[in-house]
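First the proteins, then the strands, lettered A, B, ... as listed; each starts at 1.
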Amino acid sequence: MPAEPSAGAPSGPDYKATLNLPKTSFPMRANLVQNEPASQKRWATLGLYERLREARAGRPRFAFHDGPPYANGDIHLGHLLNKSLKDFVVRLKAMEGMDCPYTPGWDCHGLPIEAKVVTDLTETGKMAKIASLEADARRMAVRRECQKYAEKYVRLQGGQMQRLLTMADYADPYLTMSPRYEGATLELFATLIEQGLVFRQRKPVHWSIANRTALAEAELEYMDRDDLSIYVDFEADDADAVYDAFGLPRAPEEDSEDLDSAGREFPGGRPTVRPGFMIWTTTPWTLPANLGIAVNPRFEYALVRLDGAVTVVAKEMAEKIAQIGRVEEATIIATTTGDRLAGLRYRHPFVDGPGLAAALEADMPSPGRSAATLSHAGRGWEAGLHRVVAADYVTLEDGTGLVHTAPGHGVEDYQTGLREGLPIYSPVQADGTYDATAPEWLRGKTVWDANTLVTDRLKQSGHLYHAHTFNHSYPHDWRSKTPVIFRATEQWFVGVDRPYMLPDDNAFERNKTMRQRAIDIVFIEMYAPAATPAQHQIQQEYIREVHEIQQEAQEDQQHQSSLTHASPEELSALIAGASEMSNEHMLPASMSIRFVPEWGRNRLRGMLESRPDWCISRQRAWGLPIPAFTLRRGDGTEATLLTPMSVRAVAAVVRAKGSDAWFQAAPADLLAGYDAKADPDAPPEFGAGFDAAALRKSEDIFDVWFESGSSWHSVMVERGHGFPVDLYLEGSDQHRGWFQLSMLCGLGARGRAPFRALLTHGFIVDRDGKKMSKSLGNTLNVEDLFKEFGADVCRWWVAGQPYEGDIKVDLEFFKTAGESYRKVRNTLRFLLSNLSDAPSEDLASAVKGDFPPTSIDAWALASFDALSKTVRKAYAAYDFRLATQAIYDFCNDTLSAVYLAATKDRLYCDRADSVRRRRTQRAMRILADGLCRLLAPVIPHTADEAWRSLHGEPGANETPGLCVHLQEFLPPTDIRADEGWGAVMKARDAALVALEAAKKAGGDAAVENPLDAGVALPDPGGTLGRFDARDLADLLGVSRVALDPAAHGPGVTDLRGEPRCERSWKRDGTVRRRSDGGMLSDRDAEAVGVS
RNA sequence: GGGCGUGUAGCUCAGGUGGCUAGAGCGCACCCCUGAUAAGGGUGAGGUCGACAGUUCGACUCUGUCCACGCCCA
């Protein structure tokens, strides 16, 4: 290294003390773990949420609605993600100047809590005592424990969510178990009843015979059990129809007079015996309820001869079945596909089909106006019992490929039954014995005895092909450890395929079903001009379909007589309007839903298309009761009271006393506000006046999804926070859950979706993309993350995620987020530290200050305007990743690497009040202020900490009202930067490469320190000439810049031969020995005050 | 098995309507600074764009099949 010219000379004064070095109270180390709780406390003292609502009163409203998490357990990474995103939204809308109510809520009812509580009570021995109580008292005892449990977790999670620094109304959250919420939910339910959307129907559920109760999936325990496995041959009703299906030619001389007698057969012709359909089952006791045989329409079925008999089985299974039956002769006569078999009839081996049909017909509830009696009118079983039906779920894994179907005793059977119009028939009573509709020899017998009784009977009648004992895994009641059965019970439903009509419906919407309305709204573009021929075709088909359905609805006026309809002309006009792509909107555009990301639209639509009627009843204690009453008629049957008026009467009681009242009060008290005589919907048994003492309260509670699906009403409408809601923001699983069910509730009561926009995020997975689970041990504890990184770092990490898809998580990623957070923090710190001696002035006057377009400050401020625009646009699109990345890049590149590096010299070395130093300070104040605001939605603690440091008087920590979260985003400064800045930055890049090359030159020629270098820049257009050469030198970090119009690239000069300023370390050509004995440049000499 | 998604440098991710040497940050390597210092700055090396087939003059981008992963169903 060459000797410094000053080396060896007597060292001059120590100039460090004469510099304006950075100074700030804003520490480099965030210490979030300690400081965030202090912010939390400060905001609480300030009453930040309330203050902000007050300040924004009368401003445009942004109605965000928080979906209720389940009040169970600690918050996990999913909550961290979800709640952070929600808080970003609310805070950024507030920064946009909007009024943003944010009521956090919890889902408090439901089985998981009840199950946990019952387990705990059982383990502590308290359950035995509770079990001895009378029913209502027993439920109340369990409910009290459940409530305590839910309250505990609401408190716990609420604390954790506040620790995450979310800003919401934690003083008054919504709880689905609170009386106000429950009452409002019942009122919404009344509205749905009014629309004729609520009805009662049978549905098979897991049933514990021991406890006489329905069980949820979570209450089942699978244990091995021996059962009879039997193969049964059901005789075909019409043998020729079967042979026709297999394409067997009829024998010319045969007139199929007597197929049962052994006649002659000719080769290739049809057998002379009656064929059968062979099924397999492990629950012989369900055979009395058999109403159909399901085949897969795509499978190949074989007509096989098994010794003397002829039967139909899946071709693939034929050989195996022959082996099982140990038949001597097994030949395949012909094959056909399942779809050709559908519709064929068979004879039940021991049930009289027509007799059963008549009995079931008589049992059908009659149509009427009361919700309770609205059953599936028009859905009879004209097509007949005991026939072959098609079903896709039929597999070839075991059995025969033909599946015994009893709609009252199996989930798939039930769905098939609904689709095929088979009754949901279950002759089994609550105690597991057969009722009077069963064959006489089974009546009063239990289903377990029936297994052998049925098998013996089939054997005697010759229908049993094979029977053996079979060990398999079978669901048991987790408490009694006894096997459970599937049994159809009466449940409440909300019908998605029932036409209804709301006051605001236009002709197009009138008499559409929930499903149609929902799909219309999700796909509102259906009525927008089609972009492609394919789209146009889809539109046409869809519109035609709607037309047909509406016409059907018009024809079927059984229970809809009061509804009016679009006239065919009116409808045609509307449809014609749509098909001609006119501007006529069939649905108001205001009904449309924005999906973020857009594919949520397809997902929600798919789920709406495939969803069955919504079963809203459960047989549990911990929930909101379905306020129905029953009255025993003289003939032993029951009449049900559930009308809009009766429900509203109970709702009033629940509002006042909570749903506990249902279990504690007598029917007369619950119905105190109800006058049956004034209720046009009351069933006749009630309308004439009735004895309240004879009423029985329903033991059903609501599906928790009904409660949460009503939240737009029970929270947002109830509290006056706005309807429809502007945004729902949840995980993508909620397309089936909360989004869809909120939509159904909204459609039923208001005819529209309760939300204007749906934002969904993906799920947290581990670093390898595998799902998180405790058993895999790949989870991270959120409290630990708070302790290790602090909430702001966690939030910064969330903001950086592309949340549309799965989100990979690993401790490493939080460390990385912490690093990038520190980068932003340090940039803020450096800005603040250079403002310690800046005169405080309000920003407005600073903005109006003089920033010449060629000043580096104008460049920085114009860049900030651009950033601000990008960030606010990204925020508006909920693209937090883009927003925070832009902020990060701005801090890292624009500020740290360029602006702050270039202005260091003037800030440190200029006279404190030099024009250009003060100008830079003014710019830096605007930058610091603006950055705090842009960062506030994402890292609320850090933004506020910096804000207070920036704006506080000395001792700022005592300034209580100082808070960035009461501010709004800054309008653009509109400061103009010279068009030449692009060229300057390009020249800078080229110069930096040249300097790097100079460094690597090796030996004595290597100029390692840029301050030892001067650079000559080419300036072909003369652009650079407009700029101050000192600014250019600072931008390159060199001592001196000269312009060389003739040069092709930047030229680096070694300045080590020139003296170096002992204060600024620059070799700018003005450095000489000064009066104080030091070597100083002109600028530094002036700053120090020497000559 | 079905519906909706995702798969691009070591890591996390960008890449309308197909077309110049596929981008960013982190990390890494080398270097500078020591007056933002448990900081700051510079330069640079990393990719057969999940696999296979097809359409095309040309595909990360379009089509099909397959594989892996996630959510929701069955």
Exercise for the section: In whole angstrom, give me the gap between the C1' atoms of B/C62 and B/G3. Expected result: 23 Å
Exercise for the section: Establish whether the base of B/A39 is bridged to the side chain of A/R829 by a donor-acceptor pair shorter than 3.5 Å. Expected result: no
Practice task
Provide the Watson-Crick or G-U wobble partner of B/C20, both distances under 3.5 Å; none if there is no partner.
Solution key: none
Practice task
Determine the interatomic distance between P on B/A29 and the same-named atom on B/U6; round to the nearest Å.
Solution key: 35 Å
Practice task
For B/C62, give its Watson-Crick or G-U wobble partner with both distances under 3.5 Å, or none.
Solution key: B/G54
Handout entry: A/M985 CE - B/G42 C1' separation (whole Å)
Key = 16 Å
Practice task
Under 4.0 Å between any heavy atoms, over every strand shown, what does A/K808 touch: base, sugar-phosphate, or nothing? Just pick one.
Solution key: sugar-phosphate
Practice task
Assign A/T816 to base, sugar-phosphate, or nothing according to its heavy-atom contacts below 4.0 angstrom with the strands shown.
Solution key: sugar-phosphate
Exercise for the section: Quick one: look up who B/U34 pairs with, Watson-Crick or G-U, both distances under 3.5 Å, and put none if it's unpaired. Expected result: none
Handout entry: A/M28 CE - B/G40 P separation (whole Å)
Key = 7 Å
Exercise for the section: Can you tell me, in whole Å, how much space there is between the C1' of B/C73 and that of B/U12? Expected result: 31 Å
Exercise for the section: Take atom CG of A/L1036 and atom P of B/C33, then tell me their distance rounded to the nearest Å. Expected result: 17 Å
Practice task
Sticking with atom P, work out how far B/C33 lies from B/A24, rounded to a whole angstrom.
Solution key: 27 Å
Exercise for the section: Please determine if A/D905 and A/R916 form a salt bridge, counting it only when a charged side-chain N lies under 4.0 Å from a carboxylate O. Expected result: yes
Practice task
Scan A/K823 against the nucleic acid and name what it touches under 4.0 Å (heavy atoms): base, sugar-phosphate only, or nothing.
Solution key: sugar-phosphate
Problem - Aromatic ring pairing A/F830/A/Y908, orientation class (parallel under 30°, perpendicular over 60°, tilted between) - result: perpendicular
Exercise for the section: State whether A/N892 places a side-chain N or O below 4.0 Å from either non-bridging phosphate oxygen (OP1 or OP2) of B/A24. Expected result: no
Practice task
For A/D1034 and A/T903, indicate whether the former's side chain and the latter's backbone hold a donor-acceptor pair under 3.5 Å.
Solution key: no
Handout entry: A/E996 and A/K1000 ion-paired at < 4.0 Å
Key = yes
Practice task
Sort out the partner of B/A29 for me: Watson-Crick or G-U wobble, both distances under 3.5 Å, none otherwise.
Solution key: B/U43
Problem - Residue matched to B/G1 through Watson-Crick or wobble contacts both under 3.5 angstrom - result: B/C73
Completion exercise
A/R29 CZ to B/A36 C1', in whole Å, measures 16 Å
Completion exercise
Re B/U6: Watson-Crick or G-U wobble partner, both distances kept under 3.5 Å, found to be B/A68
Handout entry: Atom pair distance, as rounded to whole Å: NZ in A/K904 and P in B/G42
Key = 11 Å
Exercise for the section: May I ask you to verify if any side-chain N or O of A/K16 is less than 4.0 angstrom from the OP1 or OP2 atom of B/G35? Expected result: yes
Fill in the blank from the handout: Contacts satisfying ring pair (Phe, Tyr, Trp, His ring centres under 6.0 Å) that involve residues 885-906 of chain A (not counting sequence neighbours) are A/F864-A/F890
Problem - Euclidean distance for C1', B/G10 against B/A53 (whole angstrom) - result: 31 Å
Handout entry: Length of the NZ-P vector between A/K23 and B/A39, whole Å
Key = 23 Å
Practice task
State whether A/Y888 places a side-chain N or O below 4.0 Å from either non-bridging phosphate oxygen (OP1 or OP2) of B/A24.
Solution key: no
Exercise for the section: Could you work out the separation of B/C26 and B/C71 based on their P atoms and round it to a whole Å? Expected result: 32 Å
Practice task
Sticking with atom P, work out how far B/G54 lies from B/U61, rounded to a whole angstrom.
Solution key: 15 Å
Practice task
Could you state the atom-to-atom distance from CD of A/E996 to C1' of B/G44 in whole Å?
Solution key: 9 Å
Practice task
Write down the distance separating the C1' atoms in B/G23 and B/A9, rounded off to the nearest Å.
Solution key: 11 Å
Exercise for the section: Have a look at A/P597 and say if it touches a base, only the backbone sugar-phosphate, or nothing, with a 4.0 Å heavy-atom cut-off. Expected result: nothing
Exercise for the section: Map A/G800 and A/E804 onto RNA chain B by nearest heavy atom, then report which one ends up closer to the 5' terminus. Expected result: A/E804
Practice task
Describe the nucleic acid contact of A/A901 in one word from base, sugar-phosphate, nothing, applying a heavy-atom distance below 4.0 Å.
Solution key: nothing
Practice task
Give a yes-or-no answer on whether the side chains of A/D879 and A/Y803 include a donor-acceptor pair shorter than 3.5 Å.
Solution key: no
Problem - Euclidean distance, A/Q734 CD relative to A/N82 CG, rounded to 0.5 Å - result: 9.0 Å
Practice task
Using a heavy-atom cut-off of under 4.0 Å over every strand shown, decide if A/E819 touches base, sugar-phosphate, or nothing.
Solution key: sugar-phosphate
Handout entry: Syn-anti status, with the boundary at 90° from 0, for the nucleotide B/G46
Key = syn
Handout entry: Close side-chain approach of A/I519 to A/E609, heavy-atom, < 4.5 Å
Key = yes
Problem - Those residues that, when tested against A/H404, pass ring-ring contact (aromatic ring centres under 6.0 Å, His included) (two or more places apart) - result: none
Distances under 3.5 Å only, N/O to N/O: pair up the protein atoms with those of nucleotides 67-74 of chain B.
residue : atom : partner : partner atom : Å
B/C69   : O2'  : A/G769  : O            : 2.4
B/G70   : OP1  : A/K771  : N            : 3.4
B/G70   : O4'  : A/D806  : OD2          : 3.2
B/G70   : O2'  : A/D806  : OD1          : 3.0
B/C71   : O2'  : A/R603  : NH2          : 3.2
B/C71   : O2   : A/R603  : NH1          : 2.9
B/C71   : O2   : A/R603  : NH2          : 3.1
B/C72   : O4'  : A/R603  : NH2          : 3.2
B/C72   : O2'  : A/R736  : NE           : 2.8
B/C73   : O5'  : A/R736  : NE           : 3.4

Problem - Distance, rounded to the nearest Å, where A/K1000 contributes NZ and B/G42 contributes C1' - result: 9 Å
Practice task
Quick one: label A/R1063 by what it contacts on the DNA or RNA (base, sugar-phosphate, nothing), any heavy atom closer than 4.0 Å.
Solution key: base
Exercise for the section: Please state whether the rings of A/H735 and A/F739 are parallel, tilted or perpendicular, taking 30° and 60° as the class boundaries. Expected result: perpendicular
Handout entry: Sugar-phosphate, base or nothing in reach of A/N826, heavy atoms under 4.0 Å
Key = base
Fill in the blank from the handout: RNA chain B nearest-nucleotide lookup for A/L21 and A/D989: closer to the 5′ end is A/L21
Problem - Option among A/K1066, A/R1067, A/R1056 that satisfies the side chain to side chain donor-acceptor pair (under 3.5 Å) test with A/D1012 - result: A/R1067
Handout entry: base_contact_polar (B/G25 base, A/Q885 side chain, donor-acceptor, <3.5 Å)
Key = no
Completion exercise
Regarding the side chain of A/F830, the nearest nucleotide among B/A36, B/U12, B/G42 is B/A36
Handout entry: Presence of donor-acceptor pair under 3.5 Å, side chain of A/S896 and base of B/A36
Key = yes
